[in-house]
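Labels below follow one simple rule: chain letters A, B, ... track the order of the sequence lines, proteins then strands, and each chain is numbered from 1.
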Number of protein chains: 2
Amino acid sequence: MAVRLADVAKAAGVSQSTASRVLNGSSRRPNPAVAERVRAAADELGYFPNAQAQALARSSAGLTGLIVHDIADPYFSSIARGAQRGLAGSGVQLMLASTEREAEAEVEAVRTFMSYRTDAIMLAGSRGLADDAALQKVLETYQDNGGKVAMIGQPLSNAGGVRIDNDGSAAALAGELLKLGHRRFVVFAGEEQLTTAAQRTAGFTSKLRAAGVKPEAVHHGAFSRDGGYFLMSELIRSGAVGGPGAGPLCLFCVSDVMALGALAAVREAGLRVPEDIALAGFDDIPTLADQSPTITTVRLPLEEIGRMTAAMTLHNGDADRWTVVEGTPVLRESTRRD
Amino acid sequence: MAVRLADVAKAAGVSQSTASRVLNGSSRRPNPAVAERVRAAADELGYFPNAQAQALARSSAGLTGLIVHDIADPYFSSIARGAQRGLAGSGVQLMLASTEREAEAEVEAVRTFMSYRTDAIMLAGSRGLADDAALQKVLETYQDNGGKVAMIGQPLSNAGGVRIDNDGSAAALAGELLKLGHRRFVVFAGEEQLTTAAQRTAGFTSKLRAAGVKPEAVHHGAFSRDGGYFLMSELIRSGAVGGPGAGPLCLFCVSDVMALGALAAVREAGLRVPEDIALAGFDDIPTLADQSPTITTVRLPLEEIGRMTAAMTLHNGDADRWTVVEGTPVLRESTRRD
DNA sequence: ATGATGCCGGAATGCGCTTTCCAGGGTAGA
DNA sequence: TCTACCCTGGAAAGCGCATTCCGGCATCAT
């Protein structure tokens with residue numbers, strides 16, 4: 001059906017080896033005149049190589065896998081965009097798996113990528129320690145077979161990648177909020193077993209404690225918009241918000257999407273940010289820029305993180321190197337105190 | 001390096017053919033006892049098939065390509081999510097290309113997917129007619145080689161896919177806005193040559209005209225957040241907003257992201273929506289749900305569109321069928337009139 | 001009891017390409 | 001002028017798997 005390399009070779013009157021060398025970058029460069037003939041024939045016939053066959057023959061597929069929890073989440077889609085850009089021009093193609101936050105799906109995705117002999121796998125997003133065992137095992141198998149693993153946001157096994165300084169960045173944010181004069185804090189901490197969530201919570205609260213401030217509560221819930229919405233609804237129902245307290249409450253959500261959910265609940269209740277409750281998130285996802293009030297957060301260079309990670313998978317030397325990315329607190333209207 | 005089928009076969013004491021039949025779904029089912037032995041051996045050795053080799057032998061790769069303009073755009077990432085879900089469980093893997101809105105990159109992406117012998121290509125997003133020639137040509141080549149093409153949001157060549165009734169939906173929105181009593185309209189229409197943008201503009205304005213209302217202006221600009229922001233800034237500078245007019249102005253942006261940009265500019269200028277200017281978008285991207293004021297738009301079931309398209313690529317019969325999706329006007333606070 | 005009919009496992013071929021390995025011719029050095 | 005070497009193109013051997021064909025065996029009907 002499709003035109004094969006052999007067809008091109010025949011048309012050009014050369015051997016298949018020569019055609020291969022001309023068309024698909026080999027160390028040996030055939031005679032220019034011959035090369036030109038081959039190229040002309042390929043052009044005329046509309047030849048394009050079969051990547052599967054190439055992968056088989058070369059034992060390398062020119063593929064890189066990206067595993068995210070949810071591609072529709074701006075956090076991950078920003079990273080995906082960076083990854084795509086980081087790969088652009090390298091001839092390496094991106095395979096995407098979105099796992100809907102199921103640990104099993106994640107392991108399955110790694111298996112699939114192994115099947116496709118992807119040269120590298122990038123894993124974005126945090127996961128619980130419990131899930132790690134199975135994941136770690138399959139990733140080790142992958143590495144044993146020569147695959148590179150790059151983690152984004154979470155260290156794991158003996159892989160390399162980009163580590164996000166959740167701890168320190170959350171602490172920095174806490175510091176800034178203290179400077180603004182906030183003293184009453186509540187934390188929406190996401191799922192208990194999520195490492196990322198735990199680190200952000202720990203960094204934030206320990207900084208508070210170091211300043212002699214005890215957070216009034218740490219609530220756990222889903223690490224998502226709806227999680228934030230739910231927790232906030234509960235909080236309001238409990239009467240903790242807008243009530244007569246010793247100064248306004250300041251809520252730290254360990255992710256921006258949670259903060260957005262919380263904000264929605266606040267609005268629905270007819271309360272205002274920051275007058276009735278101050279609000280801070282984490283990540284600085286792009287959609288935050290267009291909120292009103294603008295929301296305080298910790299900026300993570302998401303796209304850059306994706307780009308860096310992709311670049312690391314391209315260069316062999318960096319296989320098990322870690323790059324640490326710091327978040328920058330960005331103070332906006334949602335935590336203003338007048 | 002890796003464990004091959006032959007290794008498993010040897011370990012199980014059977015031929016490679018038998019091992020293949022057991023492990024990789026063939027029409028012939030070997031004896032249960034033998035099958036069990038093979039499976040045990042595969043398990044023990046940690047065998048997983050080489051998808052490249054399978055693809056080569058089967059002449060079908062189990063891959064589907066998705067081409068979007070920008071994966072970080074919620075419009076496309078929602079579609080991507082749906083596509084991923086639609087493919088889940090079918091054994092078909094998704095390859096992603098994000099073209100940054102460059103026509104050339106789009107053609108290149110199709111070429112790459114052709115190389116990987118993807119069974120189908122999904123193309124999301126609108127493009128100008130000028131770009132179509134090259135794209136159409138390469139897609140036809142693809143189809144000639146047995147590839148399925150599914151377009152999302154824009155008909156093209158003799159492919160199938162999901163068509164969005166931009167025209168009718170925009171008209172429906174115009175009707176609703178008229179019902180609310182709006183009479184002074186401005187349209188931010190995106191790039192002039194974008195078919196989608198043009199259709200939405202046309203549908204909207206023709207409905208207005210049919211009701212005897214002439215839009216005050218149609219401004220063209222980038223089909224993006226920044227495009228909306230820029231146009232709005234210009235509009236404000238020109239004094240058209242908040243000035244003494246015959247009733248408040250109503251702005252229709254042909255996409256939500258443009259509306260978000262416009263909203264940002266309105267806020268920066270210290271003006272209010274809907275009091276100083278009413279605002280409507282198109283698409284109902286997820287991030288719209290958390291805006292304040294909530295924004296009127298035309299709801300498109302984005303994820304469902306992605307899912308449907310993916311499903312179409314899985315079933316052979318649907319290769320050149322078109323499904324038309326209607327948008328539903330959703331009236332929210334941003335166009336309220338008191 | 002015997003021929004026909006499945007059924008099941010194995011050998012062999014091919015998917016399209018890369019990459020040794022070879023042979024031949026040209027070049028340079030002696 | 002002759003030998004040693006390098007360069008170039010071609011033949012052939014895989015890469016790992018699916019699948020067609022084939023032979024052997026058991027089952028069934030006659």
Side-chain angles (χ1 to χ4, degrees), chain A residues 1-39 41-42 45-63 91 112 114-119 145-146, chain B residues 1-39 41-42 45-63 91 112 114-119 145-146:
Chain A
M1 171 173 63
V3 35
R4 289 153 310 163
L5 187 57
D7 302 331
V8 175
K10 202 189 302 173
V14 300
S15 80
Q16 185 171 320
S17 336
T18 303
S20 169
R21 293 195 262 253
V22 171
L23 297 174
N24 305 89
S26 151
S27 53
R28 280 179 55 177
R29 301 222 139 288
N31 185 303
V34 177
E36 198 38 56
R37 259 205 345 263
V38 172
R39 250 185 291 273
L45 294 175
Y47 169 78
F48 55 99
N50 182 324
Q52 315 287 358
Q54 289 187 317
L56 191 57
R58 288 180 177 148
S59 331
S60 152
L63 287 172
T112 304
M114 286 171 76
S115 278
Y116 281 97
R117 299 297 190 270
T118 57
D119 304 324
N145 287 339
Chain B
M1 173 172 62
V3 178
R4 288 154 310 163
L5 187 57
D7 302 330
V8 176
K10 202 188 301 172
V14 300
S15 79
Q16 185 173 317
S17 335
T18 304
S20 169
R21 290 196 265 254
V22 172
L23 297 174
N24 306 90
S26 151
S27 52
R28 279 178 56 177
R29 298 224 140 286
N31 184 303
V34 176
E36 198 37 56
R37 253 197 0 253
V38 172
R39 250 186 290 273
L45 294 175
Y47 170 77
F48 55 98
N50 183 323
Q52 315 288 356
Q54 289 188 316
L56 191 56
R58 289 181 175 144
S59 331
S60 152
L63 287 172
T112 303
M114 287 171 73
S115 277
Y116 281 96
R117 299 299 192 266
T118 56
D119 304 324
N145 287 340

To the nearest Å, give me how far apart [atom1] ([X]) and [atom2] ([N]) are.
{"X": "A/Q52", "N": "C/dC17", "atom1": "CD", "atom2": "P", "answer": "11 Å"}
{"X": "B/D7", "N": "D/dC17", "atom1": "CG", "atom2": "C1'", "answer": "13 Å"}
{"X": "A/R58", "N": "D/dG14", "atom1": "CZ", "atom2": "P", "answer": "20 Å"}
{"X": "B/L5", "N": "D/dT19", "atom1": "CG", "atom2": "P", "answer": "12 Å"}
{"X": "A/N50", "N": "C/dC15", "atom1": "CG", "atom2": "P", "answer": "12 Å"}

query: Taking atom OG of B/S15 and atom CZ of B/R21, what is their separation to the nearest 0.5 Å?
result: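 The OG atom of B/S15 sits 6.5 Å away from the CZ atom of B/R21.
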
message: Quick one, A/R4 with A/D7, criterion salt bridge (charged side-chain N to carboxylate O under 4.0 Å, His left out). Give me CA distance, side-chain angles, the key distance, then yes/no.
response: CA-CA 5 Å; A/R4 289 153 310 163; A/D7 302 331; 3.1 Å; yes

message: Please check: side-chain N/O of B/S115 versus main-chain N/O of A/A51, any donor-acceptor pairing under 3.5 Å?
response: no

query: Axis-to-axis angle across the helix from C/dA1-D/dT30 to C/dA30-D/dT1, five pairs an end, to 10 degrees?
result: 30°

message: Taking 4.0 Å as the cut-off, does a side-chain nitrogen or oxygen of B/Y116 come that near to OP1 or OP2 on C/dG16?
response: no

message: Once you apply a heavy-atom cut-off of 4.0 Å, does B/S20 come out as touching a base, just sugar-phosphate, or nothing?
response: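 Counting heavy atoms under 4.0 Å across all strands, the contact made by B/S20 includes a base.
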
message: Counting primed atoms plus P, OP1 and OP2 as sugar-phosphate and everything else as base, spell out the protein contacts along nucleotides 6-13 of chain D at 4.0 Å heavy-atom distance: B, S or - for each nucleotide, 5' to 3'.
response: --BBBBB-

